[in-house]
Amino acid sequence: MKLIPVKQAAAMIKQIIKGKTARHIELLTKKKDRSIIIEIEQANIKLCEQGYFSAQLTYPLASSAAKRAIQTAFKREFPRSHRVYVSCN
């Protein structure tokens with residue numbers, strides 16, 4: 001796991017949604033008490049959120065609802081974070 005700035009993590013998420021990088025990414029706060037896991041499977045995006053809000057949601061790959069849900073979850077789980085831990089597979 002690497003500790004990276006939040007802006008860089010947001011850019012990684014955008015690349016994953018476009019399909020240019022890893023198919024699985026896990027983001028954790030510095031205390032590791034809140035997390036977001038994004039997995040891309042065939043034609044679906046699976047979003048697992050744990051922390052302020054706990055949910056497992058699945059969206060079609062090309063939908064704008066998936067992008068919006070990921071951005072909303074990112075802002076909700078990391079509101080004041082400057083750096084996050086990232087694990088990509």
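Hydrogens, waters and symmetry mates play no part in the numbers below; they use all other heavy atoms, side chains included.
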When rounded to the nearest 0.5 angstrom, what is the spacing between CG in N44 and NZ in K46? 10.5 Å
From K2 NZ over to Q8 CD, what is the distance, rounded to the nearest 0.5 angstrom? 6.5 Å
Provide the full list of salt bridge (charged side-chain N to carboxylate O under 4.0 Å, His left out) pairs with a residue in residues 78-89, sequence neighbours left out, each pair given once. none
Following the transitive rule for hydrophobic clusters with a side-chain heavy-atom cut-off under 4.5 Å over Ile, Leu, Val, Met, Phe, Trp and Tyr, establish whether I16 and Y85 coincide in one cluster.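 In one cluster with I16: Y85, no.
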Cluster check M1, L3: I/L/V/M/F/W/Y, side chain < 4.5 angstrom: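 In one cluster: yes.
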Side-chain contact, heavy-atom cut-off 4.5 Å: C88 with M12?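 Contact flag for C88/M12 side chains = yes.
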For residues I45 and I38, determine if any side-chain heavy atom of one lies less than 4.5 Å from a side-chain heavy atom of the other. yes
Salt bridge (charged side-chain N to carboxylate O under 4.0 Å, His left out) with R76: which residues, sequence neighbours excluded? E49
Can you give the donor-acceptor pairs under 3.5 Å from side chains of residues 25-32 to other protein atoms, not counting sequence neighbours?
{"unit_1": "T29", "atom_1": "OG1", "unit_2": "K32", "atom_2": "N", "d": "3.2"}
{"unit_1": "T29", "atom_1": "OG1", "unit_2": "D33", "atom_2": "N", "d": "3.4"}
{"unit_1": "T29", "atom_1": "OG1", "unit_2": "D33", "atom_2": "OD1", "d": "2.9"}

Linking directly or through intermediates, with side-chain heavy atoms under 4.5 Å: list the remaining ILVMFWY members grouped with Y52, chain and number order. none
Give the other cluster members for I37, using side-chain heavy-atom distances under 4.5 Å between Ile, Leu, Val, Met, Phe, Trp and Tyr residues; answer none if it is isolated. none
Closest heavy-atom pair, R34 versus E77, reported as atoms and distance to 0.1 Å, is NE-O, 3.0 Å
In terms of heavy-atom contacts, S81 and V6 come closest through O-CG2, 3.1 Å
Set of side-chain contact (heavy atoms from CB on, under 4.5 Å) partners for Q50, sequence neighbours left out: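 Once residues adjacent in sequence are excluded, the partners of Q50 under the side-chain contact (heavy atoms from CB on, under 4.5 Å) criterion are S35.
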What donor-acceptor contacts under 3.5 angstrom involve side-chain atoms of residues 54-75, with partners at least two apart or in another chain?
{"unit_1": "S63", "atom_1": "OG", "unit_2": "P60", "atom_2": "O", "d": "3.1"}
{"unit_1": "S63", "atom_1": "OG", "unit_2": "A66", "atom_2": "N", "d": "3.3"}
{"unit_1": "T72", "atom_1": "OG1", "unit_2": "R68", "atom_2": "O", "d": "2.8"}

